Amino acid sequence: MPELPEVETVRRGLAARVAGRRVAGVQVHHPRAVRRHLPGPDDFAARLRGRVLADAHRRGKYLWLPLDDPPADAMIGHLGMSGQLLLPAPGTPPDPHLRVGLSFVDGAPPLWFVDQRTFGGLSVSTWDGTGVPEQIGHIAPDPLDKAFDDEQFVAALRRRRVAVKVALLDQGLISGVGNIYADEALWRAQLHGQRRSDLLTRPAVRRLVDHVRDVLTEAIDAGGTSFDALYVDVNGDSGWYERELHVYGREGEPCDRCGAPIRREPFANRSSFSCPRCQPRPRLPRASVGGRQPAR
DNA sequence: AAGCTCTCCTGATGGC
DNA sequence: TGCCATCAGGAGAGCT
């Protein structure tokens with residue numbers, strides 16, 4: 001599940017091995033993979049052909065590769081749930097989930113966008129070389145970005161009136177955090193995800209941000225050591241998951257802090273994992289947040 | 001208008 | 001054995 005650390009691992013691989021290469025050809029095998037490129041697959045291919053992919057940037061879970069010679073625009077990538085950007089060694093068998101392939105003029109390994117579930121995608125967006133490309137302008141800075149302002153985030157979160165986990169997953173408020181790292185950060189901060197954002201104290205939110213940053217940083221370090229340069233295991237059985245996760249996917253196992261069995265609860269059509277003792281549920285069931293009261 | 005629900009997609013898994 | 005339901009989940013469209 002690519003969240004910020006997995007995407008950062010991919011970015012580093014692209015920066016090291018793709019930057020500077022000139023695109024020879026583009027094959028779009030599945031139009032859905034370029035659905036965010038509104039002019040369509042042919043236009044997508046035409047805008048890349050002959051251009052140089054220069055460098056690799058990231059904000060949150062989005063990647064972009066500036067297009068050079070001449071410098072203008074950028075190719076944007078999002079891995080969604082199951083996307084991979086791969087540089088297959090010669091002789092690698094074709095992948096059944098190959099959606100887009102880029103070949104390069106120097107005969108270097110092609111760049112494959114492989115995506116089983118096609119939640120991710122590629123596109124070309126206008127970019128003037130400053131800030132972020134137009135298409136991802138609505139994405140907030142991530143907490144590892146110099147542009148991220150802790151106090152501004154603390155204030156913005158407390159202005160909202162939502163479950164704190166909803167705020168952590170809102171990419172317009174703070175980017176890069178997904179379901180797994182949200183649960184891990186909340187466990188570290190000893191907060192239940194349904195705590196209301198507007199009722200948290202400033203110091204509590206500051207602590208939470210620090211935990212988010214720690215979790216992401218530690219995950220990048222682990223990803224860097226246990227994954228190949230460009231391969232992120234979408235099945236989630238990387239070393240990091242086994243070794244470091246405290247709550248996610250650990251229902252029934254003892255809390256590493258207090259020993260209570262980890263609980264799993266439904267959350268917005270998915271699951272949340274937490275410690276029932278370290279992270280007590282808020283007393284009032286979400287007041288006006290979350291809509292419907294139970295029928296009576 | 002902020003907050004919430006729904007939808008996109010495929011493969012693994014479990015119940016009957 | 002085989003079929004169906006459920007789950008995984010990022011993000012944006014659309015509704016209230």
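This structure is a prediction, so every number in the text was calculated from the model and none was measured. The chains referred to below are lettered A, B, ... by the order of the sequence lines, with proteins before strands, and numbering in each begins at 1.
The NZ-C1' distance, from A/Lys165 to B/dC4, rounds to 16 Å in whole Å. Per the geometry, CG belonging to A/Asp183 stands 11 Å off P belonging to C/dA8, to the nearest Å. As rounded to whole Å, 15 Å separates atom C1' of B/dC9 from atom NE2 of A/His78. Between the CD atom of A/Glu265 and the C1' atom of C/dA8 there is a distance of 18 Å, rounded to whole Å. The distance between atom CZ of A/Phe273 and atom P of C/dA8, rounded to the nearest whole Å, is 7 Å. Rounded to whole Å, the distance from CZ on A/Arg196 to C1' on B/dA2 is 14 Å. One can place CZ of A/Arg36 at 14 Å from P of C/dG10, the figure rounded to the nearest angstrom. In this structure, A/Phe267 places its CZ atom 13 Å from P of C/dA8, rounding to the nearest Å.
Contact annotation: A/Tyr181 does not reach the phosphate of C/dG10 (side-chain N/O to OP1 or OP2, under 4.0 Å). Contact check, A/Arg160 against B/dG3: a side-chain N or O comes under 4.0 Å of OP1 or OP2. Between A/Gln116 and B/dT10, a side-chain N or O to OP1/OP2 separation shorter than 4.0 Å is absent. A/His138 has a side-chain polar atom (N or O) that falls below the 4.0 Å cut-off from OP1 or OP2 of C/dG12.
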Test log, rule salt bridge (Lys or Arg N to Asp or Glu O under 4.0 Å), inputs A/Asp183 and A/Lys165: CA-CA 8 Å; A/Asp183 278 3; A/Lys165 184 171 172 182; 2.7 Å; yes

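Applying the 5.5 angstrom centroid cut-off and the 30 degree plane-angle cut-off, the aromatic ring of A/Phe119 is stacked upon the base of C/dG10.
A/Arg32 and A/Thr118 share a side-chain donor-acceptor pair at under 3.5 Å. Residues A/His192 and A/Glu265 have side chains that bring a donor and an acceptor to within less than 3.5 angstrom of each other.
A/Tyr62 and A/Leu79 sit in two unconnected hydrophobic clusters of ILVMFWY residues. Membership requires side-chain heavy atoms under 4.5 Å apart, directly or through other members.
Helix-axis bend for the helix from B/dA2-C/dT16 to B/dC16-C/dG2: the local axis fitted to the five terminal pairs at one end deviates from that at the other end by 50°, rounded to 10°.
Across all strands shown, A/His30 has no heavy atoms under 4.0 Å from either base or sugar-phosphate atoms.
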